[in-house]
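Reminder, nothing fancy here: chain letters follow the sequence lines and each chain counts from 1. Worth knowing before you read on, the calculation uses all heavy atoms, side chains too, and leaves out hydrogens, waters and symmetry mates.
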Number of protein chains: 2
Amino acid sequence: MTSKVYMEILQQLYRIIEEDGLSAGDKIPSERELSERLKAGRSSVREALRSLEFLGIIETRRGEGTYLKEFGEHQLIGLLGMFILQEKKAKEDLAETKWLIEEIGLTLACERRTEVHLRELQMLLKQPLDYETFFHWVLKAGNNYLLERIWRVLNDFYQWQHGTISLPHSFYEQMHQSLEESDLEKIRALFAEHVKHSR
Amino acid sequence: MTSKVYMEILQQLYRIIEEDGLSAGDKIPSERELSERLKAGRSSVREALRSLEFLGIIETRRGEGTYLKEFGEHQLIGLLGMFILQEKKAKEDLAETKWLIEEIGLTLACERRTEVHLRELQMLLKQPLDYETFFHWVLKAGNNYLLERIWRVLNDFYQWQHGTISLPHSFYEQMHQSLEESDLEKIRALFAEHVKHSR
DNA sequence: TAGCGTTAGGTGGTCAGACCAGCTTGATTT
DNA sequence: AAATCAAGCTGGTCTGACCACCTAACGCTA
């Protein structure tokens, strides 16, 4: 039984969150209370909380308390990348994986996009559109939340490294039309062209 | 100037790693030394280290020290998953995402597999093969480490929920042959058949 | 009574020091 | 030379003490 206390605490905390039915925005018990309830030192509780905070899962507010956070706020990406993405192969894999997932997203969106989605995209097209916003829409229309999450993480990493991608407005317009016509071939061709130029 | 000490420490630590030219496997200064060098309490240093450990960036060994870890062991996606998969829709998405990534893996493997890979698969085929082992090989042959990691996480979750998948040995044999012939159509067809039955 | 300070208590942030547990190393013993 | 043991590192944990900050209840004034 040499497992680390802060890991146990994470497990317990997860259980507490489940049992109490806590969700994004809710306040979790204070450090001192957790320390008491879980029979652990406050420092151990804090070590557990720091991990969660670093991942953007919780948010601590001095003098107020600790709150569950909405996903997507992961500012950890920058730091993570800072520590991790130093190797060349990793960078290549990142770009490729992002493209692959974007292609999947397009495929899913092609068969699942509703009229509502299309109208929303048409709205977006009325003003200058950026790559991130467009694929955000794509993954949304693809109706797979997990895939959307994964893409968002990868995209954040990628942007942190390369900056934002910008494509001519016509790209998005053609995509829109092809999506409306459910013309998967055309969509794939358009995307392949973009990827080829980006490499 | 109310920024948190442990965040400062992360910055400083990164600087130290850079200046000392430390890389994966190397030992970083002890908690007490960092505490002294950075003029911070040891508990603050520990909070910073816990975050990095949780992300899999470092590894602590009691009695020995703290070491930088290889890229790839980072549990980012896994942890995200742990907290994401509370939602119901996510569980449905999990299966789909796994299939989608497996299909990508097959596509990549089809064009990138080497003779060595094929011979390795042939070896595996000499005895009963399970789904996990096969796709582990596939993602390996696909030569995208990041994608492999993502798949592994998804697969672990999936198995945890549904148990292991078992397919007739002929499935793997046909896949092997198709991969050898780089027959992408056949590969896709085989896989689509499996997915259809699994739904 | 309505509005405004004041204050007490709770909460996170940080530190210092103590002790335990496990590993390494080198001196000591056999 | 090999086996043994002890000292001194390292991480792991707990306690108690402050500080900075926020909130809410209280009591005062207008």
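Taking side-chain N and O atoms only, Ser30(A) has a distance below 4.0 Å to OP1 or OP2 of dT11(C). Applying the 4.0 Å criterion to OP1 and OP2 of dG12(D), one finds that Arg46(B) has a side-chain N or O inside that range. The side chain of Thr66(B) places an N or O atom within less than 4.0 Å of a non-bridging phosphate oxygen (OP1 or OP2) of dG11(D). Between dG12(D) and Ser44(A), no contact under 4.0 Å exists linking OP1 or OP2 to a side-chain N or O.
For the residue pair Tyr131(B)/Glu102(B), the side-chain donor-acceptor check at 3.5 Å is satisfied. Side chains of Glu173(B) and His169(B): a donor on one and an acceptor on the other come within 3.5 Å.
Counting any heavy atom pair closer than 4.0 Å across all strands shown, Thr60(A) reaches sugar-phosphate atoms only and no base atom. Across all strands shown, Gly41(A) has heavy atoms under 4.0 Å from sugar-phosphate atoms exclusively, and none from any base.
Nearest nucleotide to the Arg50(B) side chain, out of dG12(D), dT13(D), dT14(C): dG12(D). Listed nucleotides: dT14(C), dG12(C), dG11(D). Nearest to the side chain of Arg32(A): dG12(C).
Between the CD atom of Glu148(A) and the CD1 atom of Ile101(A) there is a distance of 12.0 Å, given to the nearest 0.5 Å.
Nucleotides of DNA chain D nearest to Val5(A) and Glu64(A) differ in position, and the one nearer the 5' end is that of Val5(A).
Results of the ring-ring contact (aromatic ring centres under 6.0 Å, His included) test with Phe191(A) over Trp99(A), Tyr172(A), Phe135(A) single out Phe135(A) as the only residue that passes.
At whole-Å resolution of the value, NZ in Lys27(A) and C1' in dT11(C) are 7 Å apart.
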